Amino acid sequence: MKFDDLDLKMRVYETSHDRCVLPNMYLVARIDGRSFTKLTKEVQKFKAPFDERFRDLMVETVKHLMNCGFNVIYGFTESDEISLLFHHNESAFSRKTRKFISILAGEASAKFSSMLGDVGAFDCRLSELPNKKLVEDYFRWRNEDAHRNALNAHCYWRLRQDNYSQNEATSKIEGLSIAAKNELLFQYGINFNDVPNWQKRGIGVYWKNVKKEGFNPKTNQAIWVDKRELFVDYELPMRDEYNQFIKDVIERNEKVIA
Ligand SMILES: Nc1nc2c(ncn2[C@@H]2O[C@H](COP(=O)(O)OP(=O)(O)OP(=O)(O)O)[C@@H](O)[C@H]2O)c(=O)[nH]1
Ligand SMILES: [Mg+2]
């Protein structure tokens, strides 16, 4: 068989399951660390419940993903996960889901592993959302997940410091109301209100326009140029204010053609 015939015959099998995200759908990717419980507790021993070095690795991974060939308008990270919101008109790779999922998981894994000096792999999934309100709710969901995780994690690790076993600490927390978990921490002298917001709300990354001083070699003069820079927000709002914040990010970017 000639190579061209063989190529044609085999490509059908490779691409038969390709699908594209429909036009006008909002697209969000969630990239999540694979078996990071083991990585953070056994292989690397990061500080628990929150380690600033781990946080910084995640933030750098978000920035990398926002600069790797897609038009990402908002990045969010909490725990071992990253959510990315693409521009409404994103047209990279003809919106093929296979490309988004494989490239984002690959780029995140490569960046994180090279910074860590060890293997840290990520998976990736997509949410295809038909309207802006669902995008707001998606991010509100992850923002509230951060809050819930932070409360549970602080309770769990405080009990572990107090010599409770894994099972004892887990069952003591299970079934406690939010108020009771706050009270538990208070008994140990921790006011959950004072826990840093980045732990309770997650961290946002978005573009800001900045003026940078440049140089025009033709006129030999200093000039101001407009540039976009990534800004890392460790003080995100929450609840309805966060919905509004996400709405603003979307609307600001809809004015800019992709
Ligand atoms: N020590 C430490 N662990 C962290 C930190 N941030 C996230 N983690 C851990 O990362 C893990 C994330 O949880 P999951 O994504 O549900 O669990 P996983 O083990 O990655 O499992 P899969 O995602 O299903 O592969 C939890 O065990 C968290 O405790 C941190 O700052 N310090
Ligand atoms: Mg994980």
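In each ligand, atom 1 is the first atom listed, and ligand 1 is the first ligand listed. In this text the structure is predicted, and so the values were computed from the model without any measurement.
Protein heavy atoms come within 4.0 Å of atom 25 (O) of ligand 1.
The contact set between ligand 1 and D32, taken as ligand atoms under 4.0 Å from a residue heavy atom, comprises 15 (O), 23 (O). Within ligand 1, the atoms closer than 4.0 Å to a non-hydrogen atom of F50 are 31 (O), numbered from 1 in the order shown. Taking every heavy atom of R34 and a limit of under 4.0 angstrom, the matching atoms of ligand 1 come to 25 (O).
Nearest to atom 15 (O) of ligand 1 among the protein's heavy atoms is D80 OD2, 2.9 Å. Closest protein heavy atom to atom 21 (O) of ligand 1: S35 N, 3.8 Å. Atom 6 (N) of ligand 1 has as its closest protein heavy atom F54 CE2, 3.3 Å. In this structure, atom 31 (O) of ligand 1 lies nearest to the protein heavy atom D51 N, 2.9 Å. Here the heavy atom of the protein found nearest to atom 29 (O) of ligand 1 is K41 NZ, 2.9 Å. From the protein, the heavy atom lying nearest to atom 20 (O) of ligand 1 is F36 N, 2.8 Å.
A salt bridge links R140 and D240; the closest N-O separation between the charged side-chain nitrogens and carboxylate oxygens is under 4.0 Å. Of the charged side-chain nitrogens involved, none lies within less than 4.0 Å of a carboxylate oxygen, so that K2 and D5 do not count as a salt-bridged pair. Using a 4.0 Å cut-off between charged nitrogen and carboxylate oxygen, D56 and R53 do not count as a salt-bridge pair.
In this structure, Y26 and H88 have parallel ring planes: the angle between them is below the 30° cut-off, well short of the 60° mark. The aromatic rings of H147 and F192 stand perpendicular to each other, their planes meeting at an angle above 60°, with 30° marking the opposite boundary. Taking the six-membered ring where the residue is Trp, W198 and F50 present perpendicular rings, their angle passing 60° and hence far from 30°. Note: W141 and Y138 have perpendicular aromatic rings, judged against thresholds of 30 and 60 degrees for the angle between ring planes.
Criterion: ILVMFWY side-chain heavy atoms under 4.5 Å apart, direct or through other members. Under it, F139 and V249 are part of a common hydrophobic cluster.
Formation of a donor-acceptor pair under 3.5 Å by the S91 side chain with backbone atoms of S94 is not found in this model. Under the 3.5 Å distance criterion, the side-chain polar atoms of H87 are left unmatched by any main-chain donor or acceptor of V72. Side chain of R30 to backbone of E81: no donor-acceptor contact under 3.5 angstrom is found.
Contacts between F46 and ligand 1, counted as non-hydrogen atom pairs separated by less than 4.0 Å, involve both the backbone and the side chain. Contacts of T37 with ligand 1, taken as heavy-atom pairs under 4.0 Å, involve both backbone and side chain. Of all the heavy atoms of A153, none lies under 4.0 Å from any atom of ligand 1, so neither backbone nor side chain is involved.
For a distance bound of 2.8 Å, the N, O or S atoms of G33 include one lying that close to the Mg ion (ligand 2). At least one N/O/S atom of D32, whether from backbone or side chain, sits less than 2.8 Å from the Mg ion (ligand 2).
As for D80, its N/O/S atom nearest the Mg ion (ligand 2) is the one called OD2.
Around atom 1 (N) of ligand 1, the closest heavy atom drawn from K45, M58, K47, R55 belongs to K47. With distances taken over non-hydrogen atoms, the option nearest atom 30 (C) of ligand 1 out of S79, G120, A48, P49 is P49.
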